[in-house]
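As a basis for the values below, the full set of heavy atoms in this structure was taken, side chains included, without hydrogen atoms, waters or symmetry mates.
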Amino acid sequence: MGWWLLGVGLLLCVLLCFTLRSPAPPLALPALHGRTAIVTGGSSGIGEAVARELARCGARVVLATRNALRGEEAAWRIRRDTGNPEVLFMPLDLSSFHSVHAFATAFLQQEPHLHLLINNAGEQQSTASPPKPSTPNPAPTPRTAHTGVSAGGTTQDGFSLPFQVNHLGHFLLTQLLLHRLQSSAPSRVVIVASSAHCAGRLRMAELGHPPPGPFAAFQDYCDSKLANVLHARQLAARLQGTGVTAYAVHPGFVNTQLFRHAPLWLQLLWTPLSRFCFRSAAEGARPVLFCATQDGLEPFSGCYFADCRPLQPWAQGRDDAAARELWDRSQRLLGLRPSLCTPAE
């Protein structure tokens with residue numbers, strides 16, 4: 001019964017999106033020679049599209065993604081397509097805090113600068129099936145036992161999979177790299193959020209644990225996207241005057257594999273509709289690239305962007321008290337020192 005209701009709701013949403021969809025605006029990107037960027041989930045989808053354009057502009061780009069084979073193949077494709085040899089893969093599994101710490105340690109040891117941190121990984125990183133190895137004995141990739149963000153689940157760290165991948169993992173990564181971002185300023189953090197934050201409702205006392213109810217996985221996703229919006233808002237408040245700015249971005253309705261684990265009948269309905277009605281990954285990358293590269297956005301630090309312009313998020317995404325509480329609770333859950341980043345007076 002639940003999947004039937006969800007299917008009807010999705011159909012109505014798709015029809016609405018079809019009537020409201022407008023072409024992605026053109027975007028002129030600046031030269032980025034001498035700039036270093038990290039793109040999480042950069043081996044496919046929006047992440048790969050963003051990484052490709054940054055590389056085309058001359059940036060040094062690190063693809064931070066879970067699957068080694070997919071990451072190396074994506075880095076090779078981008079080097080081939082752009083002629084930029086400074087595109088490399090580094091392993092990062094956001095569903096494992098150990099992996100996040102290992103990535104940050106390795107990056108800080110080998111990269112002296114960081115100008116752009118694109119916190120993109122989510123559905124694309126966690127729902128895609130690992131490819132069959134094309135070479136013997138491929139490099140092992142640490143991962144937890146799960147089937148995807150849309151399927152829910154719990155990580156080895158004991159948290160809801162969608163919430164850890166979409167918020168807690170990125171929150172930890174950003175904290176661990178903050179000093180490098182500040183020493184490389186001007187620099188930016190771009191967090192890929194979603195209009196789904198409109199349905200988010202954070203239960204602070206049970207943060208990081210699956211919500212109750214028949215639509216728990218979908219609610220968990222919406223909650224994590226609300227956390228993304230609030231994270232950008234509070235990060236910007238705490239980084240005032242440092243030369244580091246932060247933005248939350250809705251990439252639009254993009255054709256992804258979010259419902260790969262839904263029943264077959266719903267997949268058969270959803271796949272053709274999403275293919276023809278939703279944006280491509282390249283189109284979805286444009287708002288992200290806009291916030292990452294365009295001049296003059298510093299006064300909009302902490303804002304929520306869609307279609308390459310700042311928009312008011314839903315009321316729960318403008319709650320500064322909730323943003324502060326989310327920050328404090330996230331730090332405690334991760335065992336971080338509160339002094340890492342203090343609010344500007």
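Side-chain rings of Trp327 and Phe171 approach one another, their centers coming within less than 6.0 Å.
Linking ILVMFWY residues whenever their side-chain heavy atoms come closer than 4.5 Å, directly or via other members, leaves Tyr304 and Leu289 in distinct clusters. Note on Trp314 and Tyr221: separate hydrophobic clusters, where clusters join Ile, Leu, Val, Met, Phe, Trp and Tyr whose side-chain heavy atoms are under 4.5 Å apart, directly or indirectly. Note: the hydrophobic cluster containing Val100 does not contain Phe89 (ILVMFWY, side chain heavy atoms under 4.5 Å, direct or indirect links). In the hydrophobic clustering of this structure, Leu108 groups with Phe97; members are Ile, Leu, Val, Met, Phe, Trp, Tyr whose side-chain heavy atoms approach within less than 4.5 Å, directly or through other members.
Glu298 has a carboxylate O that lies under 4.0 Å from a charged side-chain N of Arg188, or vice versa, which qualifies the two as a salt bridge. Electrostatic pairing of Arg77 and Glu48 counts as a salt bridge here, judged by a charged N lying under 4.0 Å from a carboxylate O. Salt bridge present: Glu53 and Arg56 bring a charged side-chain N and a carboxylate O closer than 4.0 Å.
Screening Val288, Ile191, Leu94 for a side-chain contact (heavy atoms from CB on, under 4.5 Å) involving Asn119 leaves a single residue, Ile191.
Using a 4.5 Å cut-off on side-chain heavy atoms (C-beta onward), His231 and His167 make contact.
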Checklist line | Ser96/Gln156 under side-chain hydrogen bond (donor to acceptor under 3.5 Å, both in side chains): CA gap, chis, key distance, verdict | finding: CA-CA 7 Å; Ser96 164; Gln156 63 188 11; 2.9 Å; yes

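Thr36 and Glu111 are not linked by any side-chain donor-acceptor pair at a separation below 3.5 angstrom, with hydrogens and angles left out of the test. Between the side chains of Ser224 and Asn166, at least one donor-acceptor pair of N or O atoms lies under 3.5 Å.
In this structure, Phe305 and Tyr247 have perpendicular ring planes: the angle between them is above 60°, well past the 30° mark.
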